[in-house]
Amino acid sequence: MSMAAPVQVADRPFLVQLDAFSGPLDLLLHLIREQEIDIADIPIGRIADQFLAAIHQLGLNEAADYLEMAAYLLRIKVAMLLPRPLGDDEWEDPRAELVRRLLEYEQIREIADWVSRQAGERSDRFARGLLPEAAELPPPPLLLDLQELLATAERLVEGLPGQVLHRVVPRPLDTEGATLRIRELLATRERFDLLELLGSAPTVTDVISCLIALLELARLGELIVSQDVPFGSVAITRAVAHEAH
Amino acid sequence: MRSLTKLIEAALFAAARPVTIDELAGLDPEAGEHDVRAALDELRLAYDAGGHGIEVVELADGFQILTRRECAEAIAEARLVHRPRKLSAAALETLAIIAYRQPVGRADIEQIRGVQADGVLRMLQERGLIDVVGRGEGIGRPLLYGTTAAFLELLGLKDLSELPRLEELSVALKPPGEVR
Amino acid sequence: MRSLTKLIEAALFAAARPVTIDELAGLDPEAGEHDVRAALDELRLAYDAGGHGIEVVELADGFQILTRRECAEAIAEARLVHRPRKLSAAALETLAIIAYRQPVGRADIEQIRGVQADGVLRMLQERGLIDVVGRGEGIGRPLLYGTTAAFLELLGLKDLSELPRLEELSVALKPPGEVR
C-alpha cells in the first residue's frame with residue numbers, strides 16, 4: 001500500500017482530531033456522519049479513500065485494527081466495481097455486511113453513552129469514606145466455592161505454556177544450577193566478574209537464573225554483589241564471614 | 001425515630017456498603033422484613049423532610065446511605081473526596097457489549113468493535129466490572145464474560161433489567177440471529 | 001437544615017478522614033469559621049433531637065460522623081461490618097495450585113502464575129487455608145506448602161481425594177444444557 005502522501009479527498013474537506021477515536025468503526029462512522037452520508041448507500045470508493053487518508057494523517061497506518069478495516073473497505077470497493085448481471089434479483093450488495101456492522105456499532109455507542117451518563121450520575125453520590133476500624137475484630141469469614149476453585153485450576157492449566165505441571169524438558173540453566181556454579185567459583189576465587197559467571201553465550205534463562213541465584217546468595221550473606229562505576233562490570237566478592245544457612 | 005430505625009441507620013452507616021433486608025433484620029431478633037421496610041421508609045423520610053445531605057438508596061446488593069447528588073460538586077472541589085476516574089470510550093463500548101450480550105467471548109467483542117480487546121478486558125476484570133462466567137464451544141473453549149455486581153453498583157442500578165431496552169434505542173438493530 | 005449544614009453533613013460522610021473547620025469552610029466560598037461552627041451545631045442538634053443512630057464527634061484532627069456507641073453491639077452481632085469475603089483471583093489461583101500440587105514450594109507457584117507469591121502465601125497462611133508441610137531440596141531448603149483441614153471444611157470436602165480430578169474439569173464447567 002503506497003501511502004507516501006495524504007490522499008487528496010474529493011468533494012469537501014474533513015477534519016479529524018487526534019486520539020478522538022476508539023477504533024476503526026468509530027472513525028468510519030465519523031466520516032459518514034460528518035458528510036451526512038446515508039448509511040444505506042455509502043459511496044464506498046470515496047469513503048475508502050478518506051479512511052486511508054485519515055489513518056495516514058492520524059499516524060494510525062500501522063495499527064493492525066485500522067489496516068484491517070482499510071483492507072475490508074478496499075475489498076468492498078473492488079466488489080462494487082465487478083459487473084453485475086442485469087436484472088439479477090439475487091445480487092447482494094457487497095456493502096450489506098458493512099452496513100450491518102456500522103448499525104450494530106452505532107447501537108453499542110448509544111449504550112456506551114448511556115452507561116457513561118449513568119456512571120457519571122452515580123459517581124456524584126459518595127459512599128461513606130471513613131471506614132470503620134476493624135483492627136480488633138477477627139478477620140471476616142471466608143466464602144470459597146468448589147466450582148470457582150476448579151475453574152481457576154483449569155484456567156491455570158490451560159494458560160500454561162505446554163504442560164508445566166508434568167514437565168520433563170531440558171532446561172538451559174536453572175537457579176539451582178546457577179547456585180552450584182557460583183558456589184564453585186567462590187570456592188576457588190575470592191572475586192570474579194558477572195561476565196565470567198555467565199560464560200560466552202548465555203541464554204536469557206541463564207542470565208535470569210544467575211541473577212536470581214546471586215541475589216539469593218547475597219541475601220544469605222555468602223557473597224557481595226558490587227558495581228564500582230555506573231554501567232561498569234558487576235563484581236561478585238566472597239563474603240568474609242561465610243556462614244552456611 | 002423508632003429504635004429499629006436508629007439501629008438501621010447506624011448499621012447502614014457502619015457497613016459503608018449496600019446491606020440487604022435480611023442482614024438488617026438480623027439487627028433485632030424480633031424484626032421481620034416488614035418492620036425493616038417500614039424503618040427504612042422512616043429513615044428515608046427523615047432525611048428527605050429534614051433537608052439532609054445524605055439519602056437512603058436501593059442498589060444491586062441492598063440499601064446504602066449515599067450523599068446527595070447536589071452536594072457532589074462542592075465536596076469534590078473542596079478536595080475532600082476523589083471522584084473515580086472516568087472509563088475510556090473503549091472500556092465503555094466493551095462494557096456495553098458485555099452487558100447486552102452476556103455471556104460473550106472475546107472474539108465477538110472484537111468483531112463488533114473492530115478492535116483487539118485483550119487489554120480492555122483485562123482492565124475491566126481487574127476493576128471487577130466483568131468476570132469470566134463460563135466457557136464457550138469451539139476451538140480453545142473461549143472464556144465467556146459477563147458483568148458483575150460491581151458493574152451495577154458503578155451505574156447505581158438494582159439489576160440488569162434497568163438497562164435501557166434495545167427497542168428504546170434510536171438505532172434499531174435486532175440481536176444477531178434475528179437479523180439473518 | 002441550612003444549605004451549608006447539608007453540605008457539611010455530606011462532606012463529613014464522604015471524606016475518608018476527619019475534616020477540619022478550615023476544610024469545611026472550603027465547601028462554600030462565602031462561609032467563615034463562625035458559619036461552619038453554627039452549621040455543625042445545627043447538624044449535631046438534628047441528630048440528637050431526631051434520635052438518630054449517628055452523631056457528630058470532634059476529635060483532635062477534626063470532625064467526623066460516627067455511629068452511636070449504643071448501636072455498636074447490635075451491628076457487631078448482626079455481622080454487618082463483617083460480611084464474609086471472597087478470595088481475590090490471585091489468592092484463588094494460588095490456592096488452586098497448592099491444592100493440586102501439594103506439597104509445593106513458592107518458586108513453583110510463582111513460575112506457574114508468573115507473579116510473586118509471598119504476600120498471597122502469607123495471607124492464605126494467616127487465614128489458615130494453607131500451612132507449611134515440609135521443606136524441599138535445593139538452596140535454602142524452600143518451604144513447601146499444603147492445604148489444611150480448614151480448607152477442606154470451607155469446601156465441604158471430607159478429604160483431598162474428593163477434589164475433582166483436572167480431567168473432569170472441562171465437563172464440570174460447562175453449563176448443564178451444553179453437555180452432550
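Letters A, B, ... are given to chains in the order of the sequence lines, protein chains preceding strands, and every chain is numbered from 1.
At a 4.5 Å heavy-atom cutoff, B/Arg2 makes no contact with chain C through either its backbone or its side chain. Of the two parts of B/Ile65, the backbone and the side chain both hold a non-hydrogen atom closer than 4.5 Å to a non-hydrogen atom of chain C. Contacts of C/Glu70 with chain B are made by side-chain atoms alone, with heavy-atom separations under 4.5 Å and no backbone atom involved.
Listed here is the closest heavy atom pair of B/Ala78 and C/Glu23: CB-O, 4.4 Å. For the residue pair B/Ala10 and C/Ile54, the shortest heavy atom distance occurs at CA-CG2, 4.4 Å. Considering all non-hydrogen atoms of both residues, B/Leu27 and C/Ala74 come closest at CD2-O, 3.7 Å. Scanning all heavy atoms of the two residues, the minimum distance from C/Ala11 to B/Leu80 falls at CB-CD1, 3.8 Å. Between B/Val81 and C/Ala15, the shortest heavy-atom contact is CG2-N, 4.1 Å.
Surrounding CG of C/Leu59 are more than 12 heavy atoms belonging to other residues, nucleotides or ligands, all under 6.0 Å away.
Taking 4.5 Å as the limit, every side-chain heavy atom of C/Glu9 sits out of range of all side-chain heavy atoms of B/Thr67.
Using cut-offs of 30° and 60° for the angle between ring planes, the B/His52 and C/His52 rings count as tilted.
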